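Here the structure comes first, spelled out in structure tokens, and everything after it is commentary.
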Amino acid sequence: MSKGAKQVSFKVPASKLAPAADAWIANRGAEPTTTDREGGSVTALKAVEAAPAPEPKEKMSRFTIDVPESLHRRVKMQCAARGQKMADMMRDLLEREFPTS
């Protein structure tokens, strides 16, 4: 770093959008139940429970292999047809081939 260079750190504020977005999703399609001061329809919101904390997952390791382009293309096309991610499919394949004892 050059002499006199200034370091700046940024603090990202916690998002307050997620709870509002969850409430909006939970209330989609709800019928308007009241009107506001200007005569517009207002939908009463339902209470939304917080999602349970996910269980900690096992730490992942990167696994890189070289495959022919034709094989990569076939795997990618099959995964797209099934609506599955390639990484998920490869993990399933490896789990079937190498089960835990």
Side-chain angles (χ1 to χ4, degrees):
M1 194 182 292
S2 65
K3 188 173 181 177
K6 183 177 180 181
Q7 286 187 334
V8 179
S9 61
F10 295 95
K11 184 175 180 182
V12 178
S15 174
K16 294 183 181 179
L17 177 63
D22 290 341
W24 179 82
I25 289 170
N27 290 289
R28 284 185 302 173
E31 294 296 319
T33 56
T34 186
T35 52
D36 63 11
R37 287 182 283 177
E38 291 80 27
S41 296
V42 177
T43 302
L45 298 177
K46 297 182 282 187
V48 177
E49 291 184 25
E55 294 182 24
K57 294 182 179 180
E58 183 177 352
K59 183 180 177 189
M60 301 295 254
S61 292
R62 177 80 44 195
F63 193 96
T64 305
I65 61 170
D66 294 322
V67 296
E69 286 182 9
S70 60
L71 175 59
H72 184 271
R73 195 175 308 114
R74 289 193 314 266
V75 171
K76 191 168 190 166
M77 287 177 18
Q78 285 294 316
C79 288
R82 298 175 188 173
Q84 186 177 23
K85 293 180 181 179
M86 288 177 64
D88 293 338
M89 188 277 307
M90 295 303 294
R91 277 190 285 273
D92 292 343
L93 187 134
L94 290 168
E95 283 290 340
R96 283 195 309 268
E97 188 66 27
F98 304 102
T100 55
S101 303

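Keep in mind that this is a model prediction, so the values were computed, not measured.
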**Set of salt bridge (Lys or Arg N to Asp or Glu O under 4.0 Å) partners for Arg74, sequence neighbours left out** =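 Arg74: no salt bridge (Lys or Arg N to Asp or Glu O under 4.0 Å) contacts found.
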**Asked** Does Asp92 have any salt bridge (Lys or Arg N to Asp or Glu O under 4.0 Å) partners at least two apart in sequence or in another chain, and if so, which?
**Response**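 Partners of Asp92 by the salt bridge (Lys or Arg N to Asp or Glu O under 4.0 Å) criterion come out as none, since no residue qualifies.
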**Prompt:** Roughly how far apart are Met90 CE and Glu97 CD, rounded to 0.5 Å?
**Reply:**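 Spacing of CE (Met90) from CD (Glu97) equals 11.0 Å.
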**Asked** Could you give the distance from CZ (Arg82) to CE (Met89), rounded to the nearest 0.5 Å?
**Response**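 Answer rounded to 0.5 Å: 7.0 Å.
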**Message:** Would a single hydrophobic cluster contain both Val67 and Leu94, if residues Ile, Leu, Val, Met, Phe, Trp and Tyr are joined by side-chain heavy-atom contacts under 4.5 Å?
**Reply:**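 Unlinked, Leu94 and Val67 end up in two clusters.
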**Asked** With hydrophobic residues grouped by side-chain heavy-atom distances under 4.5 Å, do Met86 and Leu71 end up in a single group?
**Response**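 Yes; tracing contacts between hydrophobic side chains, which count when under 4.5 Å, links both residues.
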**Item:** Pro99: partners by side chain to side chain contact (heavy atoms under 4.5 Å, CB included), with sequence neighbours left out
**Value:**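 By the side chain to side chain contact (heavy atoms under 4.5 Å, CB included) rule, Pro99 matches no residue at all.
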**Item:** Contact summary for Asp88 and Arg91, nearest pair of heavy atoms
**Value:**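 Closest heavy-atom pair between Asp88 and Arg91: OD1-NH2, 2.6 Å.
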**Message:** Is the shortest side-chain heavy-atom distance between Val75 and His72 below 4.5 Å?
**Reply:**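 Sidechains of His72 and Val75: no contact.
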